[in-house]
Amino acid sequence: MTFNEYEPIGKIENKHMLTLMDYSTEEIWEILKCAIDLKKKQYAKQPHEYLKGKTLAMIFAKSSTRTRISFEQGIRQLGGVPIFLSTNDIQLGRGEPIKDTVRVLERMNIDGIMIRTFKQSDLVELAKYGHIPIINGLTDDFHPCQVLADILTIYEKFGYLEGLKITFFGEGFNMANSLMLGCAKVGMHVCICAPEGHQPDPTIVAAARRGAFGDVTVTADVDKAIKGADVVYTDVFFSMGQAKDPEKEKALMPLQVNAAMMKKANPDAIFLHCLPAHRGEEVTEEVIEGPQSWVFPEAENRLHAQKAVMYLLMKD
Ligand code: CP
Ligand code: NVA
């Protein structure tokens with residue numbers, strides 16, 4: 001079956017969105033179909049307050065523009081209420097255990113938690129001690145909501161997903177990991193191009209291959225990686241929480257997505273970036289501002305994809 005043939009059933013089995021590793025192809029399709037429906041409703045100004053009376057707690061241990069705004073707007077548009085909690089301001093940041101935090105939030109009638117933090121194990125702990133849905137808003141290991149928005153954007157451009165090639169240039173960190181897991185599950189061929197010493201964790205590569213019906217390749221060969229690419233993706237050299245390192249910058253610079261690189265991709269290829277971008281480092285001004293760049297539709301799709309995630313996880 002293809003994504004276009006899939007008939008949504010209006011529910012998913014998963015109780016949380018911790019990583020796309022836990023998701024089946026059908027569940028990802030379900031979220032995407034729901035996102036498309038909610039986007040249509042929003043554009044048509046049709047009411048869709050399916051989470052009226054629900055409250056989403058949003059815990060941030062790292063900075064954010066897109067994730068914070070899209071979750072806040074998204075829960076409001078669904079009729080619910082957001083509560084923004086910076087770890088600088090709550091007791092979690094002073095060492096209160098995360099397992100206590102989740103049990104307190106539940107007692108206060110919080111219906112779901114979105115969290116952006118460092119360790120994936122913190123999310124596992126929240127899910128273990130709580131009964132409410134936990135949504136990953138980025139950890140060092142994964143950024144699943146970003147990838148759902150990315151796949152939605154790719155679908156909007158091409159009208160199908162199966163057989164498309166996505167190439168990610170950069171370090172094997174949260175974005176590379178989630179792109180491998182999510183895109184391969186919807187039938188895309190995923191190529192991660194990273195220098196030796198910066199390639200993704202082999203256990204995550206193996207997990208992405210297990211759930212895939214597209215190929216997953218990891219290479220340091222830039223020419224091989226860009227050849228035949230329909231989607232060219234990159235991310236910052238230094239992620240939040242990482243120290244600047246001149247050696248790493250030197251290793252990643254040959255992977256910069258510039259006009260010469262885009263010329264080697266398929267002629268109708270698009271450029272994506274989770275943002276924020278550092279022009280002159282992982283991407284040039286010319287590419288990000290150029291006609292192949294879909295970074296702003298991609299950013300908008302965070303809203304629609306996450307509304308679908310919240311709806312499917314938090315509805316009664
Ligand atoms: N792409 C993304 O997650 O952006 P923010 O860090 O601004 O949330
Ligand atoms: N890899 C980046 C993604 C930001 C959305 C980071 O973790 O900072």
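The first residue in the sequence is number 1, and the count goes up from there. Note that this is a predicted model, so its numbers are computed, not measured. Just so you know, these numbers use all the heavy atoms, side chains as well, and skip hydrogens, waters and symmetry mates. One-based numbering, in listed order, for ligands and for the atoms of each.
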> Looking only at N/O atoms, are M240 and ligand 2 under 3.5 Å apart anywhere?
Replying inline: yes
> For S239 and ligand 2, does the shortest N/O to N/O distance drop below 3.5 Å?
Replying inline: yes
> Got the closest protein heavy atom to atom 1 (N) of ligand 2, with its distance?
Replying inline: D235 OD2, 2.6 Å
>> My understanding is that we take every heavy atom of each candidate and find the minimum distance to atom 8 (O) of ligand 1. Doing that for C274, S64, G137, P276, which one comes out nearest?
In response: S64
>> Could you tell me if K33 sits above the aromatic ring of F3, with its cationic atom closer than 6.0 Å to the ring centre and no more than 45 degrees from the axis?
In response: yes
>> Between I288 and V295, does the side-chain contact (heavy atoms from CB on, under 4.5 Å) criterion hold? Intermediate values first, please.
In response: CA-CA 7 Å; I288 200 166; V295 299; 4.1 Å; yes
> Which of the numbered atoms in ligand 2 are below 4.0 angstrom from a heavy atom of L275?
Replying inline: 5 (C)
>> So, regarding K62 and ligand 2 (criterion: nitrogen or oxygen to nitrogen or oxygen, under 3.5 Å), is there a contact or not?
In response: no
> If you count the atoms of ligand 1 from 1 in the order shown, which ones are under 4.0 Å from a heavy atom of H143?
Replying inline: 2 (C), 3 (O)
>> Run the side chain to side chain donor-acceptor pair (under 3.5 Å) test on N266 and D230 for me, step by step, so that the C-alpha distance in whole Å, both residues' side-chain angles and the decisive distance to 0.1 Å come before the verdict.
In response: CA-CA 6 Å; N266 278 348; D230 300 293; 2.9 Å; yes
>> Pairs of nitrogen or oxygen atoms closer than 3.5 Å, one from N174 and one from ligand 2: do any exist?
In response: yes
> Should K119 and E125 be marked as a salt bridge (Lys or Arg N to Asp or Glu O under 4.0 Å) after you check the CA-CA gap, both sets of side-chain angles, and the distance that decides it?
Replying inline: CA-CA 10 Å; K119 295 193 313 233; E125 186 100 339; over 6 Å; no
> Between H273 (side chain) and L275 (backbone), is there a donor-acceptor pair under 3.5 Å?
Replying inline: yes
>> With a 3.5 Å distance limit and no angle check, can you tell me whether T55 reaches the backbone of D111 through a side-chain donor-acceptor pair?
In response: no
>> Check for me whether K62 meets the cation-pi criterion with F118, that is, NZ or CZ under 6.0 Å from the six-membered ring centre and within 45 degrees of the ring axis.
In response: yes
> Side chain, backbone, both or neither: which part of L138 comes within less than 4.0 Å of ligand 1 when only heavy atoms are counted?
Replying inline: neither
> Cut-off 3.5 Å, side chains only: do H304 and E300 have a donor facing an acceptor?
Replying inline: yes
> How far is atom 2 (C) of ligand 1 from its nearest protein heavy atom, and which residue and atom is that?
Replying inline: R302 NH1, 3.2 Å
> With a cut-off of 4.0 Å, which atoms of ligand 1 are near a heavy atom of T65?
Replying inline: 5 (P), 7 (O), 8 (O)
> Nearest protein heavy atom to atom 6 (O) of ligand 1, by residue and atom, and its distance?
Replying inline: R116 NH1, 2.8 Å
>> Students should be able to answer this: which protein heavy-atom is nearest to atom 4 (C) of ligand 2, and at what distance?
In response: L138 CD1, 3.8 Å
> Nearest protein heavy-atom contact for atom 4 (O) of ligand 1: which residue, which atom, what distance?
Replying inline: R66 NE, 2.8 Å
> If you measure from the Lys or Arg side-chain nitrogens to the Asp or Glu carboxylate oxygens, is any gap between K39 and E156 under 4.0 Å?
Replying inline: yes
